[in-house]
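Okay, so here's the structure we're looking at.
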Protein chains: 2
Amino acid sequence: MNAVIDILKENNLSITDGRKQILSLFLKTDGALSHADIEKEAHKKLDRITIYRTLQTFVNKGIIHVIPTTDNSILYALCRDECSEGHHHDKHVHFVCNECHTTYCLEQIDVPQVSLPKGFSEVQTDVVVNGYCAKCKP
Amino acid sequence: MNAVIDILKENNLSITDGRKQILSLFLKTDGALSHADIEKEAHKKLDRITIYRTLQTFVNKGIIHVIPTTDNSILYALCRDECSEGHHHDKHVHFVCNECHTTYCLEQIDVPQVSLPKGFSEVQTDVVVNGYCAKCKP
DNA sequence: TATAGTATGCAACTAAGTTGCAAATTTCAT
DNA sequence: ATGAAATTTGCAACTTAGTTGCATACTATA
């Protein structure tokens with residue numbers, strides 16, 4: 001729980017109940033979380049608007065990042081060290097299971113360099129793999 | 001325009017005005033299209049519900065595919081040859097410009113193989129690169 | 001501990017997407 | 001070419017997601 005407070009302090013955020021709850025949810029969750037997940041799992045009920053704003057704040061500060069998905073949902077996951085306010089220079093690999101829909105952040109896997117056409121410059125590369133996770137292997 | 005009709009026929013879809021309009025939009029557009037783009041650009045006005053259903057049909061048939069994005073938008077782009085009904089085995093590279101927000105399908109660029117943890121199997125890999133396109137190079 | 005600055009929660013609103021159903025269009029067999 | 005069957009469309013009404021303004025409550029700091 002101290003980790004939560006440390007992270008908030010490092011980012012010049014005031015320590016509020018909602019932020020503590022949401023951030024600790026991320027810390028104890030391996031995969032990614034949607035807005036709906038957070039709304040469900042936050043035990044001291046949080047207003048959904050507070051959740052929207054808190055997630056937005058965390059994204060701006062580089063504490064969490066948004067994962068692109070092919071369905072309409074927005075998923076959030078903790079950023080690792082290299083993220084800083086306003087910019088995400090990580091190269092993330094995310095795995096979404098087609099069966100159980102759990103999303104895994106595979107931070108340990110290298111994202112291969114993509115060579116772009118002339119004149120194009122890269123800021124961030126996201127890799128989203130769809131398939132079946134170990135639990136749902138068909 | 002014959003290409004449009006051929007594609008519809010190949011996929012056992014009846015030839016309707018809306019489908020022709022939407023499909024020819026995709027054929028003459030290099031990048032990806034959102035639902036809103038289509039609603040704007042379809043000259044003979046189409047009901048937004050028809051657009052939803054047509055896009056859904058095209059995705060099911062493997063004519064177009066969904067591109068994952070980090071903002072909340074859903075983007076669609078034409079599929080290349082290997083797509084078939086219900087399954088997309090392509091490995092797509094998509095480039096989204098942070099400035100003009102145009103989305104390019106970089107079909108000519110190879111998607112590197114991602115090695116997954118034990119027990120995980122891959123069905124589709126999407127690569128989304130954010131950055132600046134040739135026109136907006138900073 | 002008082003106060004200035006933030007964050008929260010409510011209400012009301014906008015936007016996005018879905019479903020059921022009747023009318024219109026397309027297909028296909030004659 | 002024509003009529004019946006099947007499919008698609010458009011409307012209405014609904015659900016869900018996300019945003020904004022503002023008064024209240026909370027947090028940080030002197």
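All chains are named by letter (A, B, ...) in the order of the sequence lines, taking the proteins before the strands, and each is independently numbered beginning at 1.
- Atom OH of B:Tyr76 and atom CG of B:Leu55 lie 5.0 Å apart (nearest 0.5 Å).
- A:Thr29 places no side-chain N or O within 3.5 Å of a backbone atom of A:Phe26 that could act as its donor or acceptor partner.
- Rounding to whole angstrom units, CG of residue A:Asp47 and C1' of D:dC26 are separated by 15 Å.
- The footprint of chain A on DNA chain C, defined by a heavy-atom cutoff below 4.0 Å, extends from C:dT6 to C:dG17.
- For the pair A:Arg48 and D:dA17, the criterion of a side-chain N or O lying under 4.0 Å from OP1 or OP2 is not met.
- A pairwise comparison of heavy atoms in A:His65 and A:His94 identifies NE2-NE2, 3.3 Å as the closest pair.
- For the pair B:Ile49 CD1 and D:dT15 C1', the computed distance is 13 Å after rounding to whole Å.
- In this structure, B:Leu55 places its CG atom 11 Å from P of D:dT9, rounding to the nearest Å.
- For B:Thr16 and D:dT9, the shortest distance from a side-chain N or O to OP1 or OP2 is below 4.0 Å.
- Considering every non-hydrogen atom in both B:Ser121 and B:Leu116, the closest pair reads C-CD1, 4.1 Å.
- What you find for B:Ala32 and B:Leu75 is that their closest heavy atoms are CB-CB, 4.1 Å.
- The side chain of A:Ser14 lies closest to D:dT27, out of D:dG18, D:dC11, D:dT27.
- Separating the OH atom of B:Tyr52 from the P atom of D:dC11 is a distance of 15 Å, rounded to the nearest angstrom.
- Side-chain atoms of B:Arg53 come within donor-acceptor range of the base of D:dG10, with a qualifying N/O pair under 3.5 Å.
- When rounded to the nearest whole Å, the span between CG of A:Asp17 and P of D:dA25 equals 16 Å.
- As a whole-Å value, the separation of A:Lys9 NZ from D:dT27 P is 13 Å.
- Nearest heavy-atom pair across A:Glu39 and A:Arg48 is OE2-CB, 3.6 Å.
- For the pair B:Arg19 CZ and D:dT7 P, the computed distance is 11 Å after rounding to whole Å.
- Taking all atoms of both residues into account, the shortest heavy-atom contact from A:Cys97 to A:Cys133 is SG-N, 3.6 Å.
- Put simply, CG on B:Leu13 is 7 Å from P on D:dT8, counting in whole angstrom units.
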